Amino acid sequence: MKKLLFGAAYYDEYMPYDRLEKDVQMMKRAGINVVRIAESTWSTCEPQPGVFDFSHVERVMDAMEAADISVIIGTPTYAIPTWMVKRHPEVMAVTEKGRNGYGFRQQMDITNPDYRFYAERVIRELMKVTAHRKCVIGYQIDNETKHYGTAGENVQRQFLAYLREKFHDDTDAMNREFGLDYWSNRLNSWEDYVDVRSACNQSLKAEFEKFQRSLVTEFLCWQADIVNEYRREDQFITHNFDGEWRDYSFGIQPDADHFQEARAVTMAGFDIYHPSQDLLTGKEIAFGGDIARSLKGGENYLILETQAQGYISWLPYQGQLRLQAYSHLSEGANSVMYWHWHSIHNSVETYWRGILSQDFEENATYREACRIGEEFAAKGDHLVNLKKKNEVAILVSNPSLTALKYFPIEFPVARPGIQYNDVFRWMFDTLCDMNVECDILWPESENLEDYRVIVVPALYAAEDELLHRLNRFVENGGHLIASFKSGYSNENNKVRCGVQPGILNESLGVIYHEYTLPRGLVGLSGAVVGAGEHKAEKFMELLIPHGAEVLASYDHYNWKEYAAITRNHYGKGTATYVGTMADEEVLTNVCRIVLEGAGIDLSEETAGVAVHKGVNDYGKTVRYYLNYSPEERRVPYRYGDAVDVLTGEAVAAGTEITVGAWDLRILEEQ
């Protein structure tokens with residue numbers, strides 16, 4: 001990218017009156033240099049089948065081109081028009097709850113041939129009127145795509161074909177691997193296949209969800225192939241991947257496999273939303289950015305959606321909008337784009353606030369956006385294309401996420417209790433608080449040896465080869481931190497017959513036969529516990545060391561002989577196993593021991609101030625100091641003489657710098 005992109009989604013179609021010229025004027029004053037259009041308006045672009053009206057799209061492109069504002073075109077396929085459902089009611093997805101009704105977006109079956117026919121046609125017609133335009137810099141295919149639970153007859157037929165291929169047409173092999181003899185679920189002939197929506201076999205259900213995720217990958221690749229027929233070489237293809245939603249972005253996405261989907265795009269994009277005001281921590285920005293950056297092997301990515309005002313409770317404090325924007329850049333983003341420019345006046349998202357409120361007047365959010373846009377324009381050449389080289393990675397797993405949905409960690413006492421993303425965020429957030437920056441790995445990643453430390457949250461379902469690779473990583477000098485429920489079953493949720501934690505026993509030097517969910521908090525004692533009272537809060541594995549050092553034990557009369565956390569030297573490296581979900585202070589102490597042993601610099605562990613770094617296009621190291629607190633902070637600057645990118649102030653090595661409340665400093669080493 002030659003410059004930072006700063007912008008918003010813009011919908012001329014939603015406006016209560018014509019104000020395009022006024023909006024462009026306000027955008028220019030705010031430093032907006034890109035807008036996203038078209039993705040939500042299929043019924044406007046094609047009011048009747050085969051009748052196309054791209055006047056709104058062309059009108060906006062004309063205005064933006066005249067104003068030297070770039071445009072990203074979204075294919076409008078995630079919200080279908082009424083006429084399609086009237087003609088072809090079967091385009092609505094059939095899920096476990098039955099056939100969807102019309103109204104909300106993303107209710108269709110993305111595999112339905114009639115839907116595909118109309119989707120392809122509207123994409124092609126849209127490309128014809130946009131691909132040649134100078135202002136169009138790229139395309140966003142679909143929007144936050146998932147499988148939407150589609151499970152109708154056509155999907156069942158495809159899944160049957162998938163199973164036959166996976167098991168080489170051998171029903172006995174599938175019965176053995178999935179344990180289908182249980183409760184007489186055995187399939188003795190492929191012709192006897194039964195719709196899996198009501199299946200009780202979790203291996204079969206998890207395999208179906210894996211298949212559903214593959215439908216999303218195929219769908220996005222299919223769209224990309226169409227766009228590729230028209231786009232210019234200088235126009236990118238992106239997609240706005242998103243995480244699990246718990247009223248904000250929380251963890252990895254359960255209904256899509258982003259690692260596989262990334263094949264469809266030339267540049268990854270991500271949507272990140274998070275709590276604000278006193279709850280702003282930057283952690284959602286960090287984990288979303290780490291995922292997005294890792295999808296294309298460390299390449300820079302686009303933030304295609306984030307909040308301006310957002311939910312009513314998210315109205316940012318003074319300084320927070322700017323702090324959030326630079327937080328994205330510190331992770332390697334080359335853009336900050338808001339959902340959306342204007343707040344709408346009716347329908348579902350009426351109270352999802354954009355940069356402007358419904359009165360369209362200047363407000364505090366707009367004025368802060370103006371400051372961001374001015375700084376991006378003036379200093380963006382020092383901040384764009386930030387390259388990051390991290391020594392720590394977290395290995396995430398969609399199969400484990402799915403498996404632990406069906407076999408909750410706290411089952412059956414407190415369902416759903418601890419879920420996979422809770423464990424992921426527990427470990428990620430701990431590293432985040434220590435200012436240890438991470439990349440994200442997936443089971444298919446081949447570059448384990450690029451890292452000194454790999455953190456593995458709840459890797460419940462994994463192929464033997466992945467576990468052997470982790471053992472080799474340790475043997476060759478790497479350092480592993482694995483949590484409870486790792487290595488427990490194979491990739492098909494078939495629990496391993498050997499002593500747990502399965503193949504990882506080799507490097508971990510620990511075994512266990514039993515685990516429990518105690519009926520109260522259980523104390524912890526040992527080297528990593530420190531002063532004060534610390535508890536094993538929930539799930540507990542009763543660990544028996546076989547050569548491993550005990551870092552923490554259970555402080556309980558019945559379980560005092562068992563370890564809770566262990567560390568083992570194996571080959572040239574170490575493997576640490578955390579057998580319970582202890583509090584963050586205990587996990588921090590565990591991580592500190594491992595990271596220091598691996599030679600990871602922990603000198604930036606500064607409470608309240610996040611420190612992120614990378615190398616810019618000038619070949620200089622840039623460090624962001626981000627203060628997520630309402631209090632001014634003073635932090636040491638330990639590196640070579642630097643210049644504050646935003647103010648031009650010289651900063652000498654070995655001095656302290658001041659970072660204001662909800663503010664930041666960006667230092668470029670000289």
Side-chain angles (χ1 to χ4, degrees), residues 1-6 30-31 33 280-282 285-286 289 293 300 316-336 367-391 432-437 600-670:
M1 304 279 296
K2 295 180 180 179
K3 64 181 180 181
L4 294 172
L5 297 179
F6 184 55
N33 60 18
L280 177 64
T281 66
I285 294 173
R293 189 184 63 251
N300 300 102
Y317 291 159
Q318 182 178 350
Q320 286 189 340
L321 192 75
R322 180 169 171 267
L323 175 61
Q324 292 159 195
Y326 284 104
S327 297
H328 291 295
L329 301 189
S330 76
E331 291 290 338
N334 271 345
S335 74
V336 177
R367 287 189 287 273
E368 193 160 324
C370 289
R371 182 183 179 187
I372 298 166
E374 181 181 6
E375 291 177 345
F376 277 18
K379 303 296 184 180
D381 59 324
H382 291 264
L383 307 176
V384 71
N385 302 323
L386 188 74
K387 298 301 178 187
K388 301 175 76 69
K389 177 66 175 175
N390 293 324
E391 298 175 304
C432 195
D433 284 338
M434 299 175 73
N435 279 332
V436 175
E437 295 192 84
I600 303 296
D601 180 16
L602 297 179
S603 61
E604 296 292 7
E605 195 173 347
T606 307
V609 176
V611 184
H612 299 164
K613 69 177 180 180
V615 176
N616 66 12
D617 278 348
Y618 294 103
K620 296 182 178 180
T621 298
V622 176
R623 287 182 175 83
Y624 286 75
Y625 293 82
L626 306 157
N627 184 6
Y628 299 107
S629 80
E631 300 173 356
E632 179 180 282
R633 304 280 189 182
R634 294 185 63 83
V635 295
Y637 175 70
R638 301 179 173 91
Y639 307 98
D641 292 346
V643 170
D644 188 309
V645 172
L646 299 179
T647 67
E649 175 190 344
V651 177
T655 59
E656 274 194 333
I657 61 171
T658 300
V659 190
W662 306 116
D663 203 353
L664 68 140
R665 302 285 299 274
I666 306 175
L667 304 187
E668 181 184 70
E669 236 182 295
Q670 299 302 295

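Just so it is clear, the values below take in all heavy atoms, side chains as well, and ignore hydrogens, waters and symmetry mates. Not measured: the values here are computed from a predicted model.
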Subject >> Residue Q670 excluded, over 12 heavy atoms near CD under 6.0 Å >> reply: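 Enclosed: over 12 neighbouring heavy atoms sit under 6.0 Å from CD of Q670.
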Original post:
How about K613: does its NZ atom have over 12 heavy atoms from other parts shown lying under 6.0 Å from it?
Top reply: no
**OP:** Report the residues that fulfil side-chain contact (heavy atoms from CB on, under 4.5 Å) with N385, sequence neighbours left out, ordered by chain and then residue number.
**Re:**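 Once residues adjacent in sequence are excluded, the partners of N385 under the side-chain contact (heavy atoms from CB on, under 4.5 Å) criterion are M1, N300, N334, D617.
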Original post:
Among pairs that include at least one residue of residues 604-628, which meet ring-ring contact (aromatic ring centres under 6.0 Å, His included), considering only residues two or more places apart or in two chains?
Top reply: H382-Y618
Subject >> Residue pairs fulfilling ring-ring contact (aromatic ring centres under 6.0 Å, His included) with at least one residue in residues 630-653, sequence neighbours excluded >> reply: Y637-Y639
Is [Y] close to [X] at the side-chain level, that is, under 4.5 Å between some pair of heavy atoms?
X	Y	answer
R623	E669	yes
V645	L667	no
R371	R367	no
F6	S335	no

Subject >> Side-chain ion pair, E331 and K388, N-O less than 4.0 Å >> reply: no
How many angstroms lie between atom [atom1] of [X] and atom [atom2] of [Y], to the nearest 0.5 angstrom?
X	Y	atom1	atom2	answer
S327	L664	OG	CG	7.5 Å
T621	N616	OG1	CG	8.0 Å
D663	L626	CG	CG	9.5 Å

